[in-house]
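Below: one structure, written as structure tokens.
Every number for a ligand or one of its atoms is a count from 1 in the order of the listing.
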Amino acid sequence: MENTFYRQLLENNKEWVAKKLGEDPTFFKKLENGQQPPVLWIGCADSRVPANEIIGALPGEVFVHRNIANMVVPTDMNMLSVLDYAVNVLKVRHVIVCGHYGCGGVKAAMTSNSYGIIDNWIRHIKDVYRFHKTELDSIGDEEERFKRFVELNVMEQVSDLAKTAIVQNAWGKKQVLQLHGWVYGVGSGIIKDLEVNFNKGDMLDKVYRLQF
Ligand code: CO
């Protein structure tokens, strides 16, 4: 069964190529020359949240970084490399942190369960809980508290992006760069814009502002 599914993926690819070429014979040829995506997407690794598909974006339109619970951890070389390349080479104009309701990583952070090495990653999400403990603890309904935690986690990751030297440097050079926070509804398909539109350094707490 599993082998069948695996083989099917390759068949799907052939069909997809044929369909794309049917619509536009130069579809792949045009992509060969390079990319100029206007958007960097930082999303969860969750299989139900495929970046391009849920926003109707084509190949070449979104630069993507995904990890468990869409985190912006400032010591994560993978994230920093993606961000640096997107901002300084590709010159994306938007960075979207997209979380999702029902996120397993966020859920894990609400519990005391140990999941092994990932506990160290989840701990960053637990810090978000601690920052917003008063608000979260005041929500009696566990499902509602979980939803709010997902939203607050996205907002924190957006501000963690703003705290990076990469983003502050771009703003310092008057480069247009807007940071956004979204939450995707796995059960509805709908994206909620949290409207945390960071677009300049003075929106940050003074202690995080860098002088270059
Ligand atoms: Co998730």
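- Rounding to the nearest 0.5 Å gives a distance of 9.5 Å between CG of Leu179 and OG of Ser159.
- Not counting sequence neighbours, the partners of Asp127 by the salt bridge (Lys or Arg N to Asp or Glu O under 4.0 Å) test are Arg130.
- For the Co ion (ligand 1), the count of nearby protein N, O or S atoms, meaning those under 2.8 Å away, is 3.
- As a member of the Ile/Leu/Val/Met/Phe/Trp/Tyr network built from side-chain separations under 4.5 Å, Val17 groups with Trp16, Leu21, Phe27, Phe28, Leu31.
- Salt-bridge annotation for Asp46 and Arg66: absent, with no side-chain N of the basic residue lying under 4.0 Å from a carboxylate O of the acidic one.
- Heavy-atom minimum distance, His94 versus Leu177: N-CD1, 4.5 Å.
- Screening residues 110-129 for ring-ring contact (aromatic ring centres under 6.0 Å, His included), with sequence neighbours left out, gives Tyr129-Phe149.
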